Amino acid sequence: MVAGAVDPWKGKRRQLIEALQDKGIKDLAVLRAFDTVPRHLFVPETTRHRAYEDAPLPIGAKQTISQPYVHARALELLELTGREKVLEIGTGSGYQTALLATLASQVFSIERVGGLLDGAKALLAELGFRNISFLLGDGTLGWRDYAPYDAIVVGAGAPHVPPALGEQLAEGGRLLLPVGGRHEQMLTVYTKREGQLVARDITPVRFVPLVGAGGWPAA
Ligand code: SAH
């Protein structure tokens, strides 16, 4: 994405990709997306030296950018082909938004914290992404104007599936959501089959809470 000058982070980024492969990520399109999106630009300057560790990092407003392995696993499960319309809940740093925009056709991303959304929006524009639309608000209500979505990715943990998200998922589409308690959840993929959501448990995860009408009350 960053044109011109030699990228001093390339080596570290390659090491991260090898670490992801060692942990079982095989999808080449996903691995290529990790190679093109500069994660160091999505974390605060104070933690930049750790940007390519396979670890979650704080991004301000008590939120975190997820561990790259968790993003990679999520993206692999979505099996994107480049033609999909994707809804993302919890823009956060915008890093996963960039990965999604690289792997799908159109991304609609909702964030409830204005400061985070503004930062992500500015950075993604600077990096040249033109296929992302942003909304400040409660993502548990979805974004009805552009529904249905081929994939919906929720970057925060919910007590149950927010009903609006189930409704706004296309037939055959996939919804990825950490479901469970405030501090620990099961990453779950729901596939819509004949109007019903069919669940598959993937792995235990720890996401920040999804706060909103179809999620948790604000703490
Ligand atoms: N994938 C992001 C993860 C950010 S953490 C990244 O890599 O940076 C989860 C984000 O979800 C936080 O920014 C939080 O503010 C946001 N969030 C929580 N509840 C939300 C809701 N109801 N609607 C939209 N965003 C929400």
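Just follow the structure's listing: the first ligand is 1, and inside any ligand the first atom is 1. None of the values given here were measured: they were computed from a predicted structure.
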Give every pair formed by an N or O atom of ligand 1 and a protein N or O atom closer than 3.5 Å, one pair per line with both atom names and the distance to 0.1 Å, or write none.
unit_1	atom_1	unit_2	atom_2	d
ligand 1	1 (N)	H71	NE2	3.4
ligand 1	7 (O)	H71	NE2	3.3
ligand 1	8 (O)	S93	N	2.9
ligand 1	8 (O)	S93	OG	2.7
ligand 1	13 (O)	E111	OE1	2.7
ligand 1	13 (O)	E111	OE2	3.3
ligand 1	15 (O)	E111	OE2	2.6
ligand 1	19 (N)	V211	N	3.0
ligand 1	22 (N)	D138	OD1	3.0
ligand 1	22 (N)	V211	O	2.7
ligand 1	23 (N)	G139	N	2.8
ligand 1	25 (N)	R112	N	3.3

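- Checked against salt bridge (charged side-chain N to carboxylate O under 4.0 Å, His left out), R144 has the following partners two or more places apart in sequence or in another chain: E167.
- Residues S109 and L124 have side chains not in contact (no heavy-atom distance under 4.5 Å, counting atoms from C-beta outward).
- Remark: side-chain polar atoms of E111 are not paired, donor with acceptor, to backbone N or O of D118 under 3.5 angstrom.
- Under the ring-ring contact (aromatic ring centres under 6.0 Å, His included) criterion, the residue pairs touching residues 144-166 are F108-Y146, F108-Y149, W143-Y146, with sequence neighbours excluded.
- Every residue meeting the ring-ring contact (aromatic ring centres under 6.0 Å, His included) condition with F42, not counting sequence neighbours, appears here in chain and number order: Y95.
- Between D7 and the options K12, R13, R14, a salt bridge (Lys or Arg N to Asp or Glu O under 4.0 Å) holds for only R13.
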